[in-house]
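Taking it in order: structure first as structure tokens, then the write-up.
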Amino acid sequence: MASANKVDVALLSDEDIPTCFQIFSKSFGHDAPFVDINFPGHDTPAGQAQGSRRFAKWKQTSENSTFLKAVTRAGPGDQERIIGLAIWTLMKEAPPADLDKVEDVEEIWPDEGDREFMTRLWREYVIPRSKAINDSCGKGVYVLELLVVHPDYQRLGAGTALVSWGTRAADEQALKAVVEGTPAGRRLYEQCGFLTEIDEMRFDVGEEFAGRRKPKLTFLTREPRS
């Protein structure tokens, strides 16, 4: 794909969600343990259907979340092609530490062991962002909750454009931005002005889950710029 292709950022529609979930799955593959346990079978038809429903519910019920798509023009008729997805949320209250307050845990993780493992991961996962929100003294922070770019459309600037949308919004309101980044995304976040606050987030899930893959995530923050 030629680097001359123009990338635009637009609001995601409900109809775009299945396509975006497929990009989400293809982007991460099985290289991100947190994605694998959070979205069971995300590369299967059943897992993609369930994941798309969860995205749709999230989009329709979270008034402070903005779902964005990165698009380019390609193919016959210069058709719009979705090549990336980002979800930015303005959080003024810390997220619940109990997973069952935000997800239908028995439906998503019918296996009791998987459910308990994800519950413990979630409890640890939200600690850094909760601290940032609490430290904001009620102003809130912008959280980049998800960023993916289709592997066939890397290096066109889609990731930078999606991140920059949120950092501009944060700057306009003089708010901090935060992200829990994978090793693959860390360089991009640093190029967009984020600094590492926690090099490797801790996930203390207990001895019974010692054999399971744990997430490798870095907590990065960006102070507002005038």
Does the pair [X]/[Y] count as a salt bridge with the N-to-O cut at 4.0 Å?
X      : Y      : value
Glu116 : Arg120 : yes
Asp114 : Arg212 : yes
Asp36  : Arg213 : yes
Asp171 : Arg222 : yes
Glu80  : Lys69  : yes

Hphob cluster co-occupancy, [X] + [Y], side-chain heavy atoms under 4.5 angstrom:
X      : Y      : answer
Ile23  : Ile17  : yes
Met201 : Leu220 : no
Leu121 : Phe219 : yes
Leu147 : Trp165 : yes
Phe34  : Leu99  : yes

Please lay out, stage by stage, how Glu107 and Arg115 fare under the test salt bridge (Lys or Arg N to Asp or Glu O under 4.0 Å). CA-CA 10 Å; Glu107 178 184 345; Arg115 184 163 63 246; over 6 Å; no

Are there more than 12 heavy atoms of other residues, nucleotides or ligands under 6.0 Å from atom NZ of Lys59? yes

Run the numbers on Thr160 and Leu188 for side chain to side chain contact (heavy atoms under 4.5 Å, CB included), then give the verdict. CA-CA 7 Å; Thr160 299; Leu188 169 62; 3.3 Å; yes

For the [atom1] atom of [X] and the [atom2] atom of [Y], what is their distance to the nearest 0.5 Å?
X      : Y      : atom1 : atom2 : value
Lys139 : Leu90  : NZ    : CG    : 12.0 Å
Thr218 : Glu200 : OG1   : CD    : 7.0 Å
Tyr142 : Thr66  : OH    : OG1   : 6.5 Å
Ile82  : Leu12  : CD1   : CG    : 6.5 Å
Phe55  : Cys20  : CZ    : SG    : 8.5 Å
Cys192 : Arg168 : SG    : CZ    : 10.0 Å

Which pair of heavy atoms, one from [X] and one from [Y], lies closest together, and at what distance?
X      : Y      : answer
Ile37  : Trp109 : O-NE1, 2.7 Å
Ala158 : Ala70  : CB-CB, 3.8 Å
Leu85  : Leu162 : N-CD1, 3.7 Å
Gly47  : Phe21  : O-CE2, 3.9 Å
Pro224 : Ala170 : CB-O, 4.4 Å
Arg54  : Asn38  : NH1-O, 2.6 Å

Under 6.0 Å between the ring centres of Phe39 and Phe24? yes

Assess the pair Trp58 and Phe67: is the distance between their ring centroids shorter than 6.0 Å? yes

Using the rule given for side chain to side chain donor-acceptor pair (under 3.5 Å), can you reason through Thr19 versus Asp16, listing the C-alpha separation, both sets of side-chain angles and the distance that settles it, and then say yes or no? CA-CA 6 Å; Thr19 297; Asp16 294 327; over 6 Å; no

Measure the shortest side-chain to side-chain distance between [X] and [Y] over non-hydrogen atoms and say whether it is less than 4.5 angstrom.
X      : Y      : answer
Trp88  : Val143 : no
Ser136 : Leu175 : no
Thr182 : Lys216 : no
Arg81  : Arg73  : no
Ser27  : Val149 : no
Pro151 : Lys26  : yes
Pro33  : Lys214 : no
Arg53  : Gln48  : no

Is it true that the side chains of Arg129 and Asn134 contain a donor and an acceptor less than 3.5 Å apart? no

Would you tell me whether Thr196 and Arg186 have side-chain atoms, one donor and one acceptor, within less than 3.5 Å of each other? yes

Quick one: do Val163 and Tyr189 satisfy side chain to side chain contact (heavy atoms under 4.5 Å, CB included)? Show the steps, please. CA-CA 8 Å; Val163 175; Tyr189 299 134; 4.0 Å; yes

Verdict with supporting geometry, Glu190 and Leu195, side chain to side chain contact (heavy atoms under 4.5 Å, CB included): CA-CA 6 Å; Glu190 291 174 342; Leu195 298 175; over 6 Å; no

Do Thr167 side-chain atoms and Ser164 backbone N/O form a donor-acceptor pair below 3.5 Å? yes

Taking it one step at a time, do Val7 and Val71 satisfy side chain to side chain contact (heavy atoms under 4.5 Å, CB included)? CA-CA 6 Å; Val7 174; Val71 299; over 6 Å; no

Exactly one candidate in Leu68, Val35, Ile87 meets side chain to side chain contact (heavy atoms under 4.5 Å, CB included) with Leu146; the answer is Ile87

